[in-house]
Amino acid sequence: MGDLGATARRSSGDSSRDHPRVVDYMLVFGLPTDGNLQPVAYQTEGNVKDDPEDAFPSRPPLFENYQPALVDRYPAEDWEDFSLAEMAVAMFWFPFGGSVKTRQSKRTPATHTFVLTRKDGMRAYAACLVFYESVWDGRLHNALVDLERRYNHMHPHQSRIPPKFSTQGADAGLLFAPKAV
């Protein structure tokens with residue numbers, strides 16, 4: 001994988017309080033590498049559901065959006081003069097959650113920018129790059145395969161998931177999970 005970078009600059013409106021750091025934080029979000037996939041809240045008939053037991057596996061795993069997790073960050077601890085709410089940032093990077101793609105799915109990298117404004121007026125300017133990375137094996141891949149088996153077991157009378165959208169299809173080993181830097 002090539003070098004990835006992000007820049008951020010914060011402003012309090014008072015240039016004398018600005019710190020000379022060019023980048024305050026570098027964060028990497030993705031799907032949980034431990035395989036603990038949680039679907040995002042979804043709506044059915046106007047009611048928001050967050051209970052994983054209610055939400056899963058009512059849809060095939062490759063059609064579901066999952067809660068992102070912090071994969072890495074720099075620095076490891078918050079700066080004393082500027083703390084960061086990591087999961088608030090995750091909601092801007094993956095506003096609808098992250099979904100797994102197959103080889104046939106569109107996996108175009110995307111960028112976007114946003115500004116976080118705190119109660120005290122301090123702003124953090126951020127840039128985000130979302131891309132897809134292969135999940136050939138490991139706990140995340142195994143969790144997806146297990147979720148698909150559970151889905152097929154719980155919905156035996158529904159038509160099977162088309163191979164294009166299956167963890168067991170022709171490209172079974174070629175699943176791609178989103179990451180954001």
Under 3.5 Å donor-acceptor, Arg73 side chain and Pro75 backbone: yes
Residues in side chain to side chain donor-acceptor pair (under 3.5 Å) contact with Asp72, at least two apart in sequence or another chain: none
Nearest heavy atoms of Glu64 and Ser99, plus distance in Å: O-CB, 3.5 Å
Arg107 to Tyr132 six-membered ring, cation-pi geometry met (6.0 Å, 45°): no
Which atom of Val40 lies closest to which atom of Gln67, heavy atoms considered: CA-NE2, 3.5 Å
Under 3.5 Å: donor-acceptor pair, side chain of Trp79, backbone of Asp24: yes
Rounded distance [0.5 Å steps], CG in Leu37 versus CG in Asn65: 11.5 Å
Phe114 and Phe92 aromatic ring geometry - parallel, tilted or perpendicular at 30°/60° bounds: parallel
Shared hydrophobic cluster, Leu70 / Phe96 (ILVMFWY, side-chain heavy atoms < 4.5 Å): no
Shortest non-hydrogen contact from Met122 toward Asp120: N-OD1, 3.0 Å
Minimum heavy-atom distance Pro109-Leu129, with the two atoms named: CB-CD1, 4.3 Å
Side chain to side chain contact (heavy atoms under 4.5 Å, CB included) assessment of Leu31 paired with Phe94: CA-CA 10 Å; Leu31 296 184; Phe94 288 110; over 6 Å; no
From Leu140 atom CG to Tyr66 atom OH, the distance as rounded to the nearest 0.5 Å: 9.0 Å
Residue pair Val23, Tyr74: steps toward the side chain to side chain contact (heavy atoms under 4.5 Å, CB included) verdict: CA-CA 10 Å; Val23 176; Tyr74 176 82; over 6 Å; no
Arg139 bridged to Asp146 by N-O distance under 4.0 Å: no
